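Below is one structure, written out as structure tokens; the observations come after it.
Quick caveat: nothing in here was measured; it's all calculated off a predicted structure.
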Amino acid sequence: MMEMLSDPQVWITLVTLSAIEIVLGIDNLVFISIAVSKLPPQRREVARKFGIAVACITRIGLLLTLAWLAGLTNDLFSMFGVGISIRDLVLILGGAFLLVKGTKEILELVKGVPDSEDVHTRPAVSFAGVIAQIAVIDIVFSLDSVIAAVGIADYIPVMVAAILLAVAVMLLAARPLGHFIDNNPTIKMLALAFIVLVGAYLLLDGFGLAIPKGYLYAAMGFSAAVECLNLWAKKRSSLHRLPD
């Protein structure tokens with residue numbers, strides 16, 4: 001444990017995963033708000049917080065399941081002369097999912113397609129029904145970030161810590177954080193670009209073409225630094241435009 005805590009790459013991974021989880025988790029809050037709106041007003045906030053806590057547990061369960069599958073390395077069959085194990089299948093399918101999901105979301109942002117406000121579910125009639133809805137919605141919408149966690153983190157405690165940190169932020173600062181991302185859509189674009197990058201990394205790794213993770217972190221870090229400079233420049237530009 002001490003060796004893990006003293007490894008700088010572990011902390012870089014934790015920060016990277018937490019940022020991806022937080023940015024992509026904001027979308028979940030829209031659907032969660034729709035789900036809890038079926039309840040009386042005095043019970044909505046309790047349902048929102050309890051539902052997010054339950055969703056955190058289901059997300060960790062999904063993470064542990066995928067991490068366990070990724071540990072099965074015995075070859076099942078060969079493809080293009082490369083042995084494919086269950087781990088490789090998880091990486092290949094997960095990478096393909098991230099590539100498709102990330103690309104689709106990026107195209108929707110570029111086209112300006114508005115977010116849907118329909119969760120395609122019948123109105124809930126009970127508190128337990130709303131909590132179940134929230135748990136299912138969170139699993140569906142967090143699948144991309146969970147697969148990304150399995151792909152770029154070597155330690156399960158780091159993955160779990162990133163999820164817990166993201167959920168804590170969602171509980172404590174969901175509204176202001178959501179406004180910040182809405183006002184700076186390039187933040188979400190950057191997170192989706194990271195998802196596409198991780199998807200390509202997983203796909204190549206699944207076919208036996210391993211790429212050092214240092215390259216992945218360097219690309220992410222450089223992109224994040226550029227985005228910080230853009231936000232800083234935007235803020236200073238807006239200040240200069242203020243009337244005297």
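If you chain together hydrophobic residues whose side chains sit under 4.5 Å apart, Leu164 and Val167 fall into the same group. Taken together through direct or relayed side-chain contacts under 4.5 Å among Ile, Leu, Val, Met, Phe, Trp and Tyr, Val15 and Trp11 form parts of separate hydrophobic clusters. When hydrophobic clusters are built by joining Ile, Leu, Val, Met, Phe, Trp and Tyr residues whose side-chain heavy atoms come closer than 4.5 Å, directly or via intermediates, Ile12 is grouped together with Met159. Under the 4.5 Å side-chain heavy-atom criterion for grouping Ile, Leu, Val, Met, Phe, Trp and Tyr, Leu231 is not connected to Phe222 through any hydrophobic cluster.
With contacts defined as side-chain heavy-atom distances shorter than 4.5 Å, the pair Leu62/Arg59 does not qualify. Val54 is listed as a side-chain neighbour of Phe50, based on a closest heavy-atom distance under 4.5 Å. Using a 4.5 Å heavy-atom threshold, the side chains of Leu63 and Ile163 count as touching.
Rounded to the nearest 0.5 Å, atoms CD1 (Ile84) and CD1 (Ile92) are 4.0 Å apart. In this structure, the separation between CD1 on Ile86 and CH2 on Trp68 is 7.0 Å, given to the nearest 0.5 Å.
The main-chain N or O of Gly61 is found under 3.5 Å from a side-chain atom of Thr65 such that the two form a donor-acceptor pair.
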Show the atom names and distances, to 0.1 Å, of all donor-acceptor pairs under 3.5 Å that link a side chain in residues 189-211 to residues at least two apart or in another chain.
{"from": "Asp205", "atom 1": "OD2", "to": "Arg87", "atom 2": "NH2", "distance (Å)": "3.2"}

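Pairing each heavy atom of Ser18 with each of Ala166, the nearest pair is O-CB, 4.4 Å.
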Determine, step by step, whether Lys104 and Leu107 satisfy the side-chain contact (heavy atoms from CB on, under 4.5 Å) criterion, reporting the C-alpha distance in whole Å, the side-chain angles of both residues, the deciding distance to 0.1 Å, and the verdict. CA-CA 5 Å; Lys104 180 181 177 182; Leu107 289 176; 5.8 Å; no
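Val100 is linked by a side chain to side chain contact (heavy atoms under 4.5 Å, CB included) to nothing, counting only residues two or more places apart in sequence or in another chain.
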